[in-house]
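One-based numbering, in listed order, for ligands and for the atoms of each.
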Amino acid sequence: MAHYRVLDHTNPILRRVASPVERIDQKVREIAHNLRETMIAYEGVGLAAPQVGIPERIIVFRNQENKPEGVLINPVLVTSTGEEIGNEGCLSIPGLYGQVPRAQEVMVEGLNLSGKSVKIVAEGFLARVLQHEIDHLDGILFIDRAIPETLRRYVPEEALAI
Ligand code: ZN
């Protein structure tokens, strides 16, 4: 099982707009598979190809049951409704968290690994993950959208303090 190394957000590739996948071939399927392995290895809930240095529009994410099953090629945020502020972090910015306003419910369209068009309607946590990952494809990081004064390093002792 191969997995990639997740790049730090100071790497310029994290700020580039990723290219659409032109053809879903063996290479793309392999990238998606390895992305999934990487997400599991890093205990993430989602991962976008640019985070491992691949500037293509491919994301993986856990599904509603928290199982690492979702893959979307060229995902597009079609509709978004409501707003919800929630805590967020990023595998590319280890240890930093903040409150980020996101749409409460989204509809995302993209292709699966067979090249079939798929539609995902998600709310709450999964909606947040999808928005976070699609942002990565456009070179946007959660720190760009976070309420600045809520951004902070997570200190475990602090969380345990009573
Ligand atoms: Zn991220």
Next on the checklist: Treating Asn11 as the side-chain partner and Ile13 as the backbone partner, does any N or O pair qualify as donor plus acceptor under 3.5 Å?
Outcome noted: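 Present.
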Checklist entry - Can you name the salt bridge (Lys or Arg N to Asp or Glu O under 4.0 Å) partners of Arg29, sequence neighbours left out? => result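 Partners of Arg29 by the salt bridge (Lys or Arg N to Asp or Glu O under 4.0 Å) criterion come out as none, since no residue qualifies.
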Checklist entry - Closer than 2.8 Å to the Zn ion (ligand 1), which protein N, O or S atoms? => result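 Checking every protein N, O and S atom gives Cys90 SG, His132 NE2, His136 NE2.
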Item to check | Validation row: Val121, Glu105 side chains within 4.5 angstrom (heavy atoms) | outcome: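 Yes, side chains in contact.
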Item to check | Non-hydrogen side-chain atoms of Tyr42 and Glu37 separated by less than 4.5 Å | outcome: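 Side-chain contact under 4.5 Å: no.
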Item to check | Positive for side chain to side chain contact (heavy atoms under 4.5 Å, CB included) with Phe142, one of Glu88, His136, Gln131 | outcome: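 Running side chain to side chain contact (heavy atoms under 4.5 Å, CB included) over Glu88, His136, Gln131 with Phe142 returns exactly one hit, Glu88.
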Next on the checklist: Whether the Ser92 and Gln51 side chains hold a donor-acceptor pair (N or O, under 3.5 Å, no angle test) is what I'd like checked.
Outcome noted: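 Per modelled atom types, Ser92 and Gln51 side chains form a pair under 3.5 Å.
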